[in-house]
Amino acid sequence: MPELPEVEVLARHLRRDLPGKTIRKVQVNRIRILRPTSERKLRAALTGAKFKSVSRRGKYLLFELQSKAGRKNVVMLGHLGMTGKMFLTLKNVPPPKHAAVILDLGKTNFIFEDTRYFGRLTLDLSAVAKLGPEPLTGDFTPERFARELKRSRQAIKVKLLDQSVVAGVGNIYASEALFRAGISPKTAANRLTLAQVKKLHGMVREVLAEAIEFGSTVPINLSGAKSDGLFYFGRAVGAPDFYVERLRVYDRAGKPCQHCGSPIRRIVQAARSTFFCLKCQKV
DNA sequence: CACCATGTTCCTTG
DNA sequence: CCAAGGAACATGGT
């Protein structure tokens, strides 16, 4: 699931369902997910606590809870890693095989499922402090973006994945934004012209905003995470027929560029796949 | 068997 | 000290 748009859509769903609910029991099936928080500390902080709010920062989810004892507030941080999912189920629904953490909310269970266990659910908030500006707010300005890019000779595609430059862009939307901006993923960050930086800034915002819009039009399915519509490929259930392709280059190696028809290329940068069009993205 | 996968962090090398 | 590259984490799909 996990780039900014998917996390944002998830946050909106959880914001609708979680506030007001009290955690009765905490079941941890994989302590790795809590790192570096201990199971004992998490259980102590969460048991009896009531959800107050849900927010998002980059690819992170922030859950604010009011602890059982006093007025003291608890903040829990969530990250989906590569394969994480969070959803509510009715109590009679058996938890999935890779349910890492289960919070008993009374009538329902809150499930954090993660097949690869790269995700996190923790009381350690230090990761958030290192994040760069939120791309869809005024904090992310072309000027600030340009200043960051000037400091690095890394390929621009790799730099877009640096969460301290801008928070929330992942491997898919990095390729998509560069395609829309007509910029080669191999160009050194500090060699982009100011015009290119401005264009890319706009396309990063556009691609993320469109993806949120797409995902948020799909209703969540409370009984499982399988069909909540928050997926990258294909078409969402109920989406109109004229909706063509969500992604223009990602995972389309060898297929014709939708703009010029030449085959989309796949290259490897920093051990991750990059997809782009040679003709439309020169320098 | 081989290679690939939406992410982050740690280690090594230069 | 920093930048850059690669491996590691863990499981599943093709």
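By convention in this document, chain letters (A, B, ...) are assigned in the order of the sequence lines, proteins followed by strands, and residues within each chain are numbered from 1.
Contacts with DNA chain B (heavy atom under 4.0 Å) in residues 178-194 of chain A: none are found.
Cluster partners of A/Leu77, using a side-chain heavy-atom cutoff of under 4.5 Å among ILVMFWY residues and allowing indirect links, are A/Tyr60, A/Leu62, A/Val75, A/Leu125, A/Val128, A/Leu131. Grouped with A/Met203 in a hydrophobic cluster is no other residue, since no side-chain heavy-atom contact under 4.5 Å to another Ile, Leu, Val, Met, Phe, Trp or Tyr is found.
Helical stems of DNA chain B (runs of at least 3 Watson-Crick or G-U pairs, donor-acceptor distances under 3.5 Å) are listed by first residue: B:2-5 with C:11-14, B:7-14 with C:2-9.
For A/Phe276, there are no ring pair (Phe, Tyr, Trp, His ring centres under 6.0 Å) partners at least two apart in sequence or on another chain. Partners of A/Pro95 under the side-chain contact (heavy atoms from CB on, under 4.5 Å) rule, at least two apart in sequence or in another chain, are A/Ala99, A/Ile102, A/Ile111. Under the side-chain hydrogen bond (donor to acceptor under 3.5 Å, both in side chains) criterion, A/Thr37 pairs with A/Thr122, not counting sequence neighbours. Scanning for ring pair (Phe, Tyr, Trp, His ring centres under 6.0 Å) contacts around A/Phe118 gives an empty result, with sequence neighbours left out.
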Return all side-chain donor-acceptor pairs below 3.5 angstrom for residues 133-140 of chain A, not counting sequence neighbours, or 'none' if the list is empty.
{"unit_1": "A/Glu134", "atom_1": "OE1", "unit_2": "A/Arg57", "atom_2": "NH1", "d": "2.9"}
{"unit_1": "A/Glu134", "atom_1": "OE1", "unit_2": "A/Gly58", "atom_2": "N", "d": "2.8"}
{"unit_1": "A/Glu134", "atom_1": "OE2", "unit_2": "A/Arg56", "atom_2": "NH1", "d": "2.6"}
{"unit_1": "A/Glu134", "atom_1": "OE2", "unit_2": "A/Arg56", "atom_2": "NH2", "d": "3.0"}
{"unit_1": "A/Thr137", "atom_1": "OG1", "unit_2": "A/Glu134", "atom_2": "O", "d": "3.2"}
{"unit_1": "A/Thr137", "atom_1": "OG1", "unit_2": "A/Asp139", "atom_2": "N", "d": "3.2"}

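For DNA chain C, the outermost nucleotides in 5' to 3' order that have an atom under 4.0 Å from a heavy atom of chain A are C/dA4 to C/dG12.
Here A/Thr83 does not reach the OP1 or OP2 of B/dA5: none of its side-chain N or O atoms lies under 4.0 Å away.
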Per-nucleotide protein contact along nucleotides 7-14 of chain B, 5' to 3', at a 4.0 Å heavy-atom cut-off (B base, S sugar-phosphate only, - neither), is BB------
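Counting only residues at least two apart or on different chains, no salt bridge (Lys or Arg N to Asp or Glu O under 4.0 Å) pair has a member in residues 182-192 of chain A.
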